[in-house]
Amino acid sequence: MAKAFGNVLIMFPDQVSDVFISKLRLCDEYQSLVLCVPSREEEDRLSQVGFQHVYVMNYRDKRKLIEMVGPFVEKIIVVESGFLECCQTIELIRSIYNIPVYVIKSDTRYITSVYKELGADYVIYNKTGNIQFLLSS
């Protein structure tokens with residue numbers, strides 16, 4: 001099995017999905033993943049289960065955070081939970097970086113073409129939460 005490395009930034013702009021977190025913990029090197037979460041409570045919770053690189057991304061400091069961790073990543077995965085937050089996050093990433101952006105959708109309510117127009121390279125419908133195939137080197 002291929003290893004996951006710290007060159008992947010996974011962003012949860014609105015809400016951290018327990019399904020995705022449980023699947024991420026199945027990766028061989030999940031501690032090296034870089035996660036951006038919306039609150040201190042989520043940061044504490046994920047740190048307690050073994051994630052070592054967890055950052056709080058609030059709306060005032062979002063640009064600063066992405067500038068700080070972005071140079072070390074080769075791709076960004078945005079886990080959609082809300083349409084507006086996901087759109088804002090894609091726009092912000094594209095205003096700073098030109099690296100692959102993946103949007104993971106768990107439902108079909110929102111139009112995927114909007115995400116692509118904003119700059120997402122891939123929009124993937126994934127109800128199971130298993131994104132290990134994106135983490136492989």
Worksheet entry | Point-to-point distance, once rounded to the nearest 0.5 Å, from CG of Leu24 to CG of Asn130 | 9.0 Å
Discussion item. Is the shortest side-chain heavy-atom distance between Arg25 and Phe51 below 4.5 Å?
Written reply: yes
Practice prompt. State, to 0.1 Å, how close Met11 and Leu9 come at their nearest heavy-atom pair, and which atoms those are.
Written response: CG-CG, 3.8 Å
Worksheet, complete the sentence: Pro13 and Val79 have their tightest heavy-atom pair at CD-O, 3.5 Å
Worksheet entry | Exercise: identify the closest heavy-atom pair between Val101 and Gly119 | CB-O, 4.4 Å
Worksheet item: Is Val19 linked to Ile21 within one hydrophobic cluster, defined over Ile, Leu, Val, Met, Phe, Trp and Tyr using a side-chain heavy-atom separation of less than 4.5 Å?
Response: no
Practice prompt. Using a 4.5 Å cut-off on heavy atoms from C-beta on, say whether the side chain of Val73 contacts that of Ile99.
Written response: yes
Worksheet, complete the sentence: Closest non-hydrogen atoms of Ser39 and Val56, given as atom of the first, atom of the second and distance, are O-CG2, 3.6 Å
Item to complete: Evaluate salt bridge (Lys or Arg N to Asp or Glu O under 4.0 Å) for Arg40 paired with Glu43, printing each intermediate quantity in order.
Response: CA-CA 5 Å; Arg40 290 264 178 237; Glu43 176 188 32; 2.9 Å; yes
Practice prompt. Grab the two heavy atoms, one from Phe20 and one from Ile131, that are nearest each other, plus how far apart they are.
Written response: CE2-CG2, 3.7 Å
Fill in: Separation between OH of Tyr30 and NE2 of His53, rounded to the nearest 0.5 Å
12.0 Å
Discussion item. With a 4.5 Å cut-off on side-chain heavy atoms, are Val34 and Tyr55 touching?
Written reply: yes
Worksheet item: Hey, is Arg45 close enough to Glu42 for a salt bridge, meaning N to O under 4.0 Å?
Response: yes
Practice prompt. Please find out if less than 6.0 Å separates the ring center of Tyr115 from that of Phe83.
Written response: yes
Fill in: Asp121 vs Tyr102 side-chain heavy atoms within contact, under 4.5 Å
no
Discussion item. Less than 4.5 Å apart, side chain to side chain, heavy atoms only: is that true for Ile104 and Ile77?
Written reply: yes
Fill in: From OH (Tyr125) to CD (Glu80), nearest 0.5 Å
10.5 Å
Discussion item. If we ignore hydrogens and angles and just use 3.5 Å, is the side chain of Lys75 paired with the main-chain N or O of Leu134 as donor and acceptor?
Written reply: yes
Worksheet item: Do Ile10 and Cys36 come close enough that some side-chain heavy atom pair is under 4.5 Å?
Response: no
Worksheet, complete the sentence: Heavy-atom nearest pair, Val123 first then Ala120, reads CG2-CB, 4.3 Å
Item to complete: Would you mind reporting whether Pro100 and Ile76 have side-chain heavy atoms less than 4.5 Å apart?
Response: no
Item to complete: Keeping the roles fixed (side chain from Asp18, backbone from Ser22), state whether a donor-acceptor pair exists under 3.5 Å.
Response: no
Fill in: Thr112 vs Lys105, side chain to side chain contact (heavy atoms under 4.5 Å, CB included): CA-CA, chis, key distance, verdict
CA-CA 9 Å; Thr112 59; Lys105 295 173 50 64; 3.4 Å; yes
Discussion item. To the nearest 0.5 Å, what is the distance between OG1 on Thr89 and CZ on Arg94?
Written reply: 13.0 Å
Discussion item. In the structure I gave you, are the side-chain heavy atoms of Leu84 and Gln88 within less than 4.5 Å of one another anywhere?
Written reply: yes
